[in-house]
Each structure stands twice: as C-alpha cells, then as structure tokens.
Amino acid sequence: LAGSERQKHTNSQGDRLKEANNINRSLSALGNVIMALANNNPHVPYRDSKLTFILKDSIGGNSKTWIIANISPADICVDETLSTLKFVRFAKLVKNV
C-alpha cells in the first residue's frame with residue numbers, strides 16, 4: 001500500500017479517486033486488525049479486507065513482520081505524520097505467537 005490518501009490534497013478524480021478510496025479502506029481494515037491484536041481482543045477482524053485476510057499469517061501468526069513508516073517534516077503533512085506515528089505505536093505492541 002502506498003499510504004493514506006487525502007483527496008483534498010491530491011485533487012483526485014475518476015479512477016484515481018476510486019483507487020485512493022480503496023487504499024484508505026484497506027488501511028483502515030489493517031489498522032483495525034493491528035488495534036485488535038495490540039489490545040489482545042479475542043476477535044480479530046481479518047475478513048474485513050482481502051489485504052488483511054491474505055496477510056493473516058504474517059500479521060498475527062508466527063512470522064517476523066516489519067512495518068516501515070514514512071513520515072514528513074512538512075507542515076502540510078502534520079496530520080498524516082501524527083496518524084502514522086500513532087499507528088506504528090500500536091503496531092509495535094503486537095506480539096506474534
């Protein structure tokens with residue numbers, strides 16, 4: 001996944017707007033899975049997205065998983081940077097079995 005897409009900054013239209021919406025939906029589902037795993041929830045919503053279902057064994061299994069967070073020092077990106085850092089903080093709490 002390329003990353004969170006803010007439509008107001010990209011001025012996306014047509015197919016690009018649909019793609020941006022799909023990326024955001026997948027990232028949201030991935031965030032829900034990470035939060036469930038970090039909080040030790042008994043139900044982890046892997047089936048909410050094709051992405052999370054495919055990555056089920058990598059995210060919550062016995063694999064070593066890396067997440068690379070790309071952040072920006074630019075003032076215009078402060079909201080996305082903070083959101084990314086919060087996501088990574090929770091992802092760090094996931095312990096694979």
Side-chain angles (χ1 to χ4, degrees):
L1 292 175
S4 176
E5 298 294 332
R6 302 272 184 202
Q7 283 85 12
K8 66 181 179 181
H9 292 302
T10 62
N11 296 322
S12 298
Q13 298 176 19
D15 288 340
R16 286 197 174 203
L17 182 60
K18 288 179 187 177
E19 181 182 7
N21 286 333
N22 288 334
I23 289 170
N24 287 341
R25 195 174 301 117
S26 292
L27 284 174
S28 179
L30 180 61
N32 292 339
V33 167
I34 296 294
M35 291 292 287
L37 290 169
N39 292 325
N40 293 320
N41 280 353
H43 171 70
V44 180
Y46 291 114
R47 292 180 181 256
D48 286 358
S49 154
K50 288 180 185 179
L51 173 72
T52 54
F53 185 73
I54 290 170
L55 294 176
K56 179 180 178 180
D57 292 333
S58 298
I59 299 170
N62 60 1
S63 300
K64 183 173 271 197
T65 305
W66 288 64
I67 293 181
I68 299 171
N70 188 14
I71 59 175
S72 172
D75 290 341
I76 194 169
C77 299
V78 72
D79 292 334
E80 289 88 350
T81 296
L82 290 175
S83 176
T84 300
L85 292 173
K86 288 176 188 176
F87 175 78
V88 171
R89 184 181 65 203
F90 279 104
K92 191 171 81 168
L93 298 174
V94 174
K95 302 291 184 221
N96 289 354
V97 288

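This is a predicted model, so every value here is computed, not measured.
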Residues that L55 engages under side-chain contact (heavy atoms from CB on, under 4.5 Å), provided they are two or more places apart: L51, I59
Atom of T52, atom of D48 and distance for their closest heavy-atom approach: OG1-N, 4.3 Å
Listing, residues 68-75 side-chain donor-acceptor contacts under 3.5 Å, not counting sequence neighbours, or none:
from : atom 1 : to  : atom 2 : distance (Å)
S72  : OG     : A74 : N      : 3.1

Got a list of side-chain donor-acceptor pairs under 3.5 Å for residues 36-47, not counting sequence neighbours?
from : atom 1 : to  : atom 2 : distance (Å)
N39  : ND2    : M35 : O      : 3.1

Nearest-0.5 Å distance, CG of residue L27 to CZ of residue F87: 7.5 Å
Partner residues of R25 under the side-chain contact (heavy atoms from CB on, under 4.5 Å) criterion, sequence neighbours left out: N21, N22
hydrophobic_cluster_shared for L30 and I54, side chain cutoff 4.5 Å: no
Pairing residues for L82 by the side-chain contact (heavy atoms from CB on, under 4.5 Å) criterion, not counting sequence neighbours: V78
Main-chain N/O of E80 paired with T84 side-chain donor or acceptor, under 3.5 Å: yes
